[in-house]
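Hydrogens, waters and symmetry mates play no part in the numbers below; they use all other heavy atoms, side chains included. Please read these numbers as outputs of a predicted model, since none were measured by experiment.
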Amino acid sequence: MADIRKQKKKLEDDLELLEGNIENRISGVQKKVLGTLEPIEAIKRNPFKSIGTSIIIGFAFGMLGDEKSSSVEGGGSDSNKEKLAHLLFSEIKRVAARKAATYLSEFIDEKMSKRK
């Protein structure tokens, strides 16, 4: 009977150890996955690539927006959905440009303050 209790205790300890290892592995994977999804960290690691990508994406969105606005103006039949979509698109571009400018100025300020 004592032998069975010892085995049971040993199995419980092994189970706790395995559960701890699994929890550690899961939290490690979560940190890796979530770490790659954090844009601020990615921007801090590659600021110039981020700026270049932002410019290219902004240019592409701008060209796409220009095509939409020229086709809307030429057609003469604006629906409310098209007007709303155009307004939303313009607002998203404006907010993105403001965020990019803010981040860029903060990045430059940080680099300048490190030099002093």
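Once rounded to the nearest 0.5 Å, the distance linking CD of Q7 with CG of D14 reads 11.0 Å. One finds the CG atom of L17 at 10.0 Å from the CD atom of E19 (value rounded to the nearest 0.5 Å). A distance of 10.5 Å separates CG in L18 from CG in L11, rounded to the nearest 0.5 Å. For the atom pair NZ (K6) and CD1 (I4), the distance works out to 12.5 Å, reported to the nearest 0.5 Å. We find the CD-CD distance between E12 and E16 to be 7.0 Å, quoted to the nearest 0.5 Å.
When the side chains of ILVMFWY residues are joined at heavy-atom separations under 4.5 Å, either directly or via intervening members, I51 and I108 end up in a single hydrophobic cluster. Grouping the Ile, Leu, Val, Met, Phe, Trp and Tyr side chains by contacts below 4.5 angstrom, directly or via other members, places F48 apart from Y103.
Tested against T53 for a side chain to side chain contact (heavy atoms under 4.5 Å, CB included), the candidates I55, I56, I57 yield a single pass: I57.
With a 4.5 Å cut-off on side-chain heavy atoms, I26 and I22 count as touching.
R94 and E91 are joined by a salt bridge, as a carboxylate oxygen and a charged side-chain nitrogen come within less than 4.0 angstrom of each other.
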